[in-house]
Amino acid sequence: MRALTWQGPNMLQVDTVPDPEIVNPKDVILRVIMSSVCGSDLHLVDGYVPTMHPGDILGHEFLGEVVETGSAVTRFSKGDRVIAISIIGCGECSHCKAKNFNCCDNSNPNSAETELAYGYTCSGIFGYSHAFGGYAGSHATYIRVPYAEVNLFKVPEGVSDEQAVFVSDAAPTGYFGADQADIQHGDTVAVWGCGGVGQMAIRSAYLMGAERVIAIDRFTDRLALAEHKAGAITINYETTDVHEALLELTGGRGPDRCIDAVGMEAHGSGLEHAYDKVKQQLRLHTERGVALRQAIHSCRKGGTVSVLGVYGGLMDKFPMGAIVNKALTLRSGQQPGQRYAERIFQHILDGEMDPSYLLTHPMDLEHSPEGYKLFKHKTEQCMRAVFKP
Ligand SMILES: NC(=O)c1ccc[n+]([C@@H]2O[C@H](COP(=O)([O-])OP(=O)(O)OC[C@H]3O[C@@H](n4cnc5c(N)ncnc54)[C@H](O)[C@@H]3O)[C@@H](O)[C@H]2O)c1
Ligand SMILES: [Zn+2]
Ligand SMILES: [Zn+2]
């Protein structure tokens, strides 16, 4: 089959590789219909997530058709149109039973690296380095999905391919971010980052009762979509002082809930950003923390900061004092989309959410390296490039 492989930082190529096979009775093999880029892939492409090996297949946000089922799979059969949640759960461990699929004890066969880095093994993730399981990703003709009955969801009739593909990752991530932010009716929510994840977080915050959502980014096309498709008030951080603007919009009180949809490759200016960038490049710390620090700084007293942006290791200048002295709650996680997929499909069917506008660049898999360039540099107003093998 054909697949997009990682060869080294910023080196991607489309190769012919062996087809996946069923290795466990709970597996399903999918023919990939669509596979999207995600901001998390950029951390791999840019070389900030260790344990990538040349030849690893990227991609974790995907829609497919069932072509083969393991002997223990009864809920799916050939021809089913399904999405897979990007973070893999086993369905059997205590965490999965508590619906915390993002804390699964069993889905990562390479437990040593995350145990060493974080104290305990973390869930496996499709196409996301050997430390997170070494699973082949979805930018390929076929993909193997483990624990299929836990991680696959049939796409209901009435939901298009272009909507469904994002129920794999961007939509449940935004939904999870709003859910764990503990939004109360009438709250003002601020969202840093207007990529696919930020856009879905804005929409989800409204669905959970926010009165106003303020969105922050620097790309005018993304800010315009945040306003017109998701209903946000927008702040361009390149031309406006974010903290001042947030104070003005909230009568001096600050946003009740702050969502970081930026992560470890935050962009910025000035001394703080230069410090982060140099230290990240020298591998002296792993995160560029401008957006998260700002979210913590601007959040109102007693508020919640919900971190969706991915961070890998250690952040310098982490404002713990602001968390303690303002009595903030900090919540985070990779997305446990198994909890939300069915609710999100219902929101789509009810016309309350439509992730399809995230798909700006449909492309043949053969052109996927070009798609990553557009997505990485946000050129041609690329929100998400989606590959069709
Ligand atoms: N928790 C999860 O399960 C999960 C799932 C998917 C993605 N993610 C993470 O979410 C983050 C966003 O993903 P995406 O696909 O939307 O990525 P993206 O690259 O499309 O969007 C990131 C956006 O952040 C903006 N940004 C950069 N610096 C900023 C700053 N200082 N202030 C405000 N905005 C800033 C960029 O301009 C860009 O528009 C990434 O870190 C990704 O790894 C997490
Ligand atoms: Zn992702
Ligand atoms: Zn589990």
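Numbers for residues simply follow the sequence, beginning at 1. Numbering of ligands and ligand atoms starts at 1, following listing order. Computed from a predicted structure; not experimentally measured.
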Ligand 1 and [X], any nitrogen or oxygen pair closer than 3.5 angstrom?
| X | value |
| --- | --- |
| F375 | no |
| V310 | yes |
| M383 | no |
| L42 | no |

Please could you name the atoms of ligand 1 that [X] approaches to less than 4.0 Å, counting only its heavy atoms?
| X | answer |
| --- | --- |
| A266 | 28 (N) |
| G309 | 9 (C), 10 (O), 11 (C), 41 (O) |
| L308 | 1 (N), 2 (C), 4 (C), 8 (N), 9 (C), 10 (O), 44 (C) |
| G263 | 41 (O) |

D316: which of R288, R293, K277, K279 passes salt bridge (Lys or Arg N to Asp or Glu O under 4.0 Å):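 One option only clears the test, and that one is K279.
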Just to confirm my output: which protein heavy-atom neighbour is closest to [atom], and how far is it?
| atom | result |
| --- | --- |
| atom 13 (O) of ligand 1 | V197 CG2, 3.6 Å |
| atom 4 (C) of ligand 1 | T173 CG2, 3.4 Å |
| atom 35 (C) of ligand 1 | V262 CG2, 3.5 Å |
| atom 3 (O) of ligand 1 | Q335 N, 2.7 Å |
| atom 25 (C) of ligand 1 | D217 OD2, 3.3 Å |
| atom 8 (N) of ligand 1 | S40 OG, 3.4 Å |
| atom 31 (N) of ligand 1 | H267 O, 2.9 Å |
| atom 12 (C) of ligand 1 | A261 O, 3.2 Å |

Pairs under 3.5 angstrom only: tabulate donor-acceptor contacts from the side chains of residues 17-26 to other protein residues two or more places apart or in another chain.
unit_1, atom_1, unit_2, atom_2, d
D19, OD1, M1, N, 3.0
N24, OD1, K26, N, 2.8

Could you tell me whether a side-chain N or O of [X] sits under 3.5 Å from a main-chain N or O of [Y], the two making a donor and an acceptor?
| X | Y | answer |
| --- | --- | --- |
| N151 | I85 | no |
| D217 | R222 | no |
| D41 | C38 | yes |
| N108 | C122 | yes |
| D27 | G70 | no |
| T234 | A215 | no |
| S107 | G124 | yes |

pair F345-I83: side-chain heavy atoms closer than 4.5 Å: yes
Is it true that [X] lies under 4.0 Å from ligand 1, counting heavy atoms only?
| X | answer |
| --- | --- |
| G177 | no |
| Y311 | no |
| R384 | yes |
| G196 | yes |

Pair [X]-[Y], side-chain donor/acceptor within less than 3.5 Å:
| X | Y | answer |
| --- | --- | --- |
| D182 | Q180 | no |
| S86 | Q335 | yes |
| T304 | R257 | yes |
| E238 | N236 | no |
| H139 | S368 | no |
| H130 | Y135 | no |

Could you see which bit of [X] sits under 4.0 Å from ligand 1, with heavy atoms only: side chain, backbone, both or neither?
| X | result |
| --- | --- |
| Y237 | side chain |
| H43 | side chain |
| K378 | side chain |
| D169 | side chain |
| R222 | side chain |

Euclidean distance, N106 CG relative to C93 SG, rounded to 0.5 Å: 5.5 Å
According to the interplanar angle, ranging from 0 to 90°, do the rings of [X] and [Y] count as parallel (below 30°), tilted (30 to 60°) or perpendicular (above 60°)?
| X | Y | answer |
| --- | --- | --- |
| H60 | Y128 | perpendicular |
| Y237 | H267 | tilted |
| Y340 | Y175 | perpendicular |

Heteroatom count (protein N, O or S) under 2.8 Å of the Zn ion (ligand 3): 4
Summary of side-chain hydrogen bond (donor to acceptor under 3.5 Å, both in side chains) pairs that have at least one residue in residues 354-367, sequence neighbours excluded: R2-E366, Q163-D354, Q199-Y357, D354-S356, H361-E380
Under-2.8 Å neighbours of the Zn ion (ligand 2), protein N/O/S atoms only: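 There are 3 of them.
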